[in-house]
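To start, the structure itself, in structure tokens.
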Protein chains: 2
Amino acid sequence: MKAYELVLQRIEAEISEGRLRIGDRLPGERALAERFGVSRTSVREAIRVLEVMGAIRTAAGSGPDAGAIIVAEPRSPLTSALRLHLATSHLPIADIVQTRVLLESWAVREASGKAGAAELAGAERLLDAMDDPGLAPEQFHLLDAEFHVSLSALAGNVLVSTVMASLRDAIHGYVMAVVPELPDWETTAAGLRREHHAVLRAVRDGDGDAAASLVAAHIEDFYRTARL
Amino acid sequence: MKAYELVLQRIEAEISEGRLRIGDRLPGERALAERFGVSRTSVREAIRVLEVMGAIRTAAGSGPDAGAIIVAEPRSPLTSALRLHLATSHLPIADIVQTRVLLESWAVREASGKAGAAELAGAERLLDAMDDPGLAPEQFHLLDAEFHVSLSALAGNVLVSTVMASLRDAIHGYVMAVVPELPDWETTAAGLRREHHAVLRAVRDGDGDAAASLVAAHIEDFYRTARL
DNA sequence: CTAGTGGCTGTGGTTGGACCACACAAAGTA
DNA sequence: TACTTTGTGTGGTCCAACCACAGCCACTAG
């Protein structure tokens, strides 16, 4: 077994057994190297891996925020992995869109009637912000992504909403590359706004079936228009 | 920007632009270090990350299989990330089960009628192997996992089947830990076998709705029995 | 002539040591 | 009291070696 794998295993075990919890600080790299009987380099490789996996956050310097701190950021590793495998062309964009439709329509159906006014407030605020007619496409899409993610979060499934967010992040670049090609951005945006409001209304009214089919059509329409 | 991030970015860009394709070999670590103007250490950290992300495979020695080779193994990073975040207790098992039900019932519905005899042959062979009454629980569950994954693959969505496989892998340890607690393994196994055959039959007959509800009940039943 | 053997070479894997930039904390100073 | 300086511990980076490994190749014993 490689040295960094050993370190990885040991640290993961400590997290698993609850000896390390979120917010805790790992010992310094030099201390870990000594404890595990490996070089600091190997410890660093393990730390790197944990960092890109979203399990820890590192910062130099001293003080309470310095060092390697246990966090739970499941979104970033999913996003990176998706982006990377999208790049190898072994993961068709069509599959991503299909998965989005699947997850998101399930989420809004699940959320319908279940989500109270307080939970819906965040989504409404995003829609309000998107109503600004002077918004640049880039800003619009960032808000759009946030809206869809917050909608998915209403279903209360951490995994689903995390995957949703990662899917959005991973294809964001592709979407933005295609926006300038659109024949009429203003018209497209107006349609998107209208559809967003309709979806949110269905969720608020507790009409799960309507919300699901609306959101599915909304997503599929956009990708058809964008020819992705 | 950190040095290893720069290396990561450059290599990812080369993959993205098609200059590096699956099966290609990366230049040696020493050569990359010189090309990017960083130390070999930083190159190695980037390589490590790409490795755990399932984008490359490394091997020492010489010959055609040695060095860092571009691969596409999207399953392993998802599995590791899930396992890791499962360990931090910020990802409830219930969410994973719910997601499994969601994805898998969609997959079998999609596959119903679409999958031909050739595609179904693999799944049937697995069920035959699971009919062996002397099978140990561990072996049974490995075959079980394979069956569910091959079932999901029938829908033809790479992302969905990959996520499915990762979900199974990530919770495999939890499942195996609970099997010895079951009051009567043989009875449980018999039920699982029966349900598997029923699901496969529905898929073969093109009855998507039946297949979806059968597989959903199958999964939920098992986790209820296992009290996970 | 063939089969085996040993060294050569290039690969990733690992180590120890050195230095840097950073950020806070504490001691010193106006 | 308020500011400045110094100290200390953190991660970030680099370097120069050495190891283990695996293929390749020339040499040698049969």
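Every value quoted in this text rests on a predicted model; they were computed, and no experiment measured them. Just so it is clear: chains get the letters A, B, ... in the order the sequence lines come, proteins before strands, and each one is counted from 1.
Thr58(B) comes within 4.0 angstrom of the backbone, heavy atoms only, and of no base. Using a 4.0 Å heavy-atom criterion, one finds that Gly63(B) contacts the sugar-phosphate atoms exclusively. Among the atoms of the strands shown, none is found under 4.0 Å from any heavy atom of Ala66(B).
Spacing between atom OH of Tyr4(A) and atom P of dG13(C) amounts to 8 Å, rounded to whole angstrom units. For Arg25(B) and dT11(C), the CZ to P distance is 7 Å, given to the nearest whole Å. Across the protein-nucleic acid pair, Arg40(A) atom CZ and dT10(D) atom P stand 10 Å apart, rounded to whole Å. In this structure, Asp65(A) atom CG and dC24(C) atom C1' are separated by 11 Å, rounded to whole Å. In this structure, CG of Leu8(B) is placed 12 Å from P of dT13(D), rounded to the nearest angstrom. Going from atom CE of Met1(B) over to atom C1' of dA21(C) covers 18 Å, rounded to whole Å. For the pair Arg44(B) CZ and dC19(D) P, the interatomic distance rounds to 17 Å; values are reported in whole Å. Look at NZ on Lys2(B): it is 13 Å from C1' on dC22(C), rounded to the nearest Å.
Among the nucleotides dG12(C), dT10(D), dT13(D), the one closest to any side-chain atom of Ala60(A) is dT10(D). Distance from the side chain of Pro64(A) is smallest for dC24(C) among the nucleotides dC24(C), dG16(C), dG11(D). Comparing atom distances between the Ser62(B) side chain and each of dG11(D), dA22(D), dG12(C) picks out dA22(D) as nearest. The side chain of Ala3(B) lies closest to dC14(D) when the candidates are dC14(D), dT14(C), dG12(D).
The pair Glu45(B)-Arg48(B) fails the salt-bridge criterion, with no side-chain N (NZ, NE, NH1 or NH2) lying under 4.0 Å from an Asp/Glu carboxylate O.
If Ser39(B) and Gly61(B) are placed on DNA chain D by their nearest nucleotide, the residue sitting closer to the 5' end is Ser39(B).
Between the side chain of Arg30(A) and the base of dG17(C), no donor-acceptor pair under 3.5 Å is found.
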**OP:** Report the C-alpha separation of Arg83(B) and Glu12(A) in whole Å, then their side-chain angles, then the decisive distance to 0.1 Å, and conclude whether the salt bridge (charged side-chain N to carboxylate O under 4.0 Å, His left out) test is met.
**Re:** CA-CA 9 Å; Arg83(B) 255 216 339 272; Glu12(A) 187 179 339; 3.0 Å; yes
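Side chains of Ile171(A) and Tyr223(A) form a contact here, defined as non-hydrogen atoms less than 4.5 Å apart.
Residue Ser42(B) places at least one side-chain N or O closer than 4.0 Å to OP1 or OP2 of dC14(D).
Taken to the nearest 0.5 Å, the CZ atom of Arg168(A) stands 4.5 Å off from the CZ atom of Arg100(A).
At least one cation-pi condition fails for Arg10(A) and Phe36(A): the charged atom is not both under 6.0 angstrom from the six-membered ring centre and inside a 45 degree cone around its axis.
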